[in-house]
Amino acid sequence: MDFVNLTVGGHFDHGIPPEAMSIVLMNGVPMIAFNFSLSAKNIEDFQNGECSFGLFTENNSLFFLFKIEDFLDWSDLAFTIHLAQDEKIEDNEGYLPFALVLIDSKTSIIKGLRMVTVSPTFRSVLTGILQKQAQERFDTIAYYKTIGVLYDKFPSATDMLNKAVIVERGGINLPSI
């Protein structure tokens, strides 16, 4: 098991182009990295904005959908378990943390870190999609072609959001009503 040391002010070694995002699994936890040009307000909004997450799937392809209030409108990242090395997410009926990392694209310095959770139901839906993906034969070229077709069919994250299998607000546990 590899451990990653992420600290605000530390250097983030990555291959993410400027003004881009990436998602990987790190020890069973989804980590979304945001590599942007930043202002002090961007950093504050990243740290304090309400987070929402969703999952869109079609043709055995998965897109993570996410939004950080006042920082980032609904966005999407394609993901396949086949490109995650030996990583996986267990369905243990618990909350699933998402690690959010904000990187200054000019310096590769980490400017913000957050851990936001999604519900056990979200975790279960996600692990079901990933298990189904894992059972399918994988072809890299076919995968990227399918992603392209889906982006043609659903050109924005909002289009995917309208067909999402689950959407929820993360980071705030509300009392039962």
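In what follows, residues are counted from 1 in the order of the sequence shown. Everything numeric in this text was worked out from a predicted model, so none of it was measured.
- With rounding to the nearest 0.5 Å, the separation of OG in Ser37 from CD1 in Ile103 is 12.5 Å.
- Rounding to the nearest 0.5 angstrom, the gap separating the CD atom in Glu50 from the CG atom in Asp70 is 10.0 Å.
- Between Met31 and Val101, the closest side-chain pair of non-hydrogen atoms falls below 4.5 Å.
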Test log, rule side-chain contact (heavy atoms from CB on, under 4.5 Å), inputs Val118 and Ile166: CA-CA 11 Å; Val118 292; Ile166 190 168; over 6 Å; no
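- Proximity of Ser52 to Trp74: side-chain heavy atoms (C-beta onward) are separated by under 4.5 Å at one or more points.
- Residues Ser75 and Met21 approach most closely at CB-CE, 3.8 Å, considering heavy atoms.
- With Asn35 contributing its side chain and Pro17 its backbone, the two residues share a donor-acceptor pair below 3.5 Å.
- Among all heavy-atom pairs drawn from Phe154 and Asp159, the shortest one is CD2-O, 3.8 Å.
- Nearest heavy atom pair, residue Ile89 against residue Gly28, reads CG1-O, 3.6 Å.
- A distance-only check finds a donor-acceptor pair linking the side chain of Asn92 to the backbone of Gly94 [under 3.5 Å].
- Note that CZ of Phe79 is 12.5 Å distant from OG1 of Thr57, once rounded to the nearest 0.5 Å.
- Distance alone, capped at 3.5 Å, is enough to place a donor-acceptor pair between the Arg114 side chain and the Phe46 backbone.
- Looking at every heavy atom in both residues, Asn60 comes nearest to Lys132 through OD1-CG, 3.7 Å.
- Residues Val149 and Asn59 fail the side-chain proximity criterion, which asks for heavy atoms closer than 4.5 Å.
- Taking CZ of Phe12 as the reference point, atom OG of Ser108 lies at 9.0 Å (rounded to 0.5 Å).
- Rounded to the nearest 0.5 angstrom, Phe122 CZ and Thr117 OG1 are separated by 11.0 Å.
- Looking at Asn42, its side chain does come within 3.5 Å of a backbone N or O of Ser39 through a donor-acceptor pair.
- Cluster annotation: Leu77 and Met160 are assigned to distinct hydrophobic clusters (Ile/Leu/Val/Met/Phe/Trp/Tyr, side-chain heavy-atom contacts under 4.5 Å, transitive).
- Residues Cys51 and Ile68 approach most closely at SG-CG1, 3.9 Å, considering heavy atoms.
- Contacts of Glu69 classified as side-chain hydrogen bond (donor to acceptor under 3.5 Å, both in side chains), with partners at least two apart in sequence or in another chain: none.
- Around the CG atom of Asp73, the shell of radius 6.0 Å holds no more than 12 heavy atoms that belong to other residues, nucleotides or ligands.
- In this structure, Phe64 and Phe98 have perpendicular ring planes: the angle between them is above 60°, well past the 30° mark.
- Closest heavy-atom contact between Thr146 and Ser61: CG2-OG, 3.4 Å.
- Under a 3.5 Å cut-off, the side chain of Arg123 and the backbone N or O of Tyr95 do form a donor-acceptor pair.
- Follow the hydrophobic side-chain contacts under 4.5 Å out from Phe63 and you never reach Ile23; the two are in separate clusters.
- A tilted orientation is assigned to the rings of Tyr143 and Phe138, their planes being inclined by 30° to 60°.
- Distance alone, capped at 3.5 Å, is enough to place a donor-acceptor pair between the Gln47 side chain and the Leu113 backbone.
- Taken together through direct or relayed side-chain contacts under 4.5 Å among Ile, Leu, Val, Met, Phe, Trp and Tyr, Val167 and Leu62 form parts of separate hydrophobic clusters.
- With a 4.5 Å cut-off on side-chain heavy atoms, Ile32 and Phe66 count as touching.
- You'll find the side chain of Ile81 reaches within 4.5 Å of the side chain of Leu25, heavy atoms only.
- Hydrophobic clustering of Ile, Leu, Val, Met, Phe, Trp and Tyr side chains at less than 4.5 Å, counting indirect connections, keeps Phe53 apart from Leu161.
- Hydrophobic clustering of Ile, Leu, Val, Met, Phe, Trp and Tyr side chains at less than 4.5 Å, counting indirect connections, keeps Leu55 apart from Ile147.
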Test log, rule side-chain contact (heavy atoms from CB on, under 4.5 Å), inputs Phe34 and Leu72: CA-CA 10 Å; Phe34 304 90; Leu72 184 70; 3.5 Å; yes
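- Screening residues 16-44 for salt bridge (Lys or Arg N to Asp or Glu O under 4.0 Å), with sequence neighbours left out, gives Lys41-Asp45.
- By the salt bridge (Lys or Arg N to Asp or Glu O under 4.0 Å) test, Lys111 is found to be paired with no residue, residues two or more places apart in sequence or in another chain being considered.
- Summarising the geometry, atom CD belonging to Glu90 is positioned 11.0 Å from atom CG belonging to Leu130; distances are rounded to the nearest 0.5 Å.
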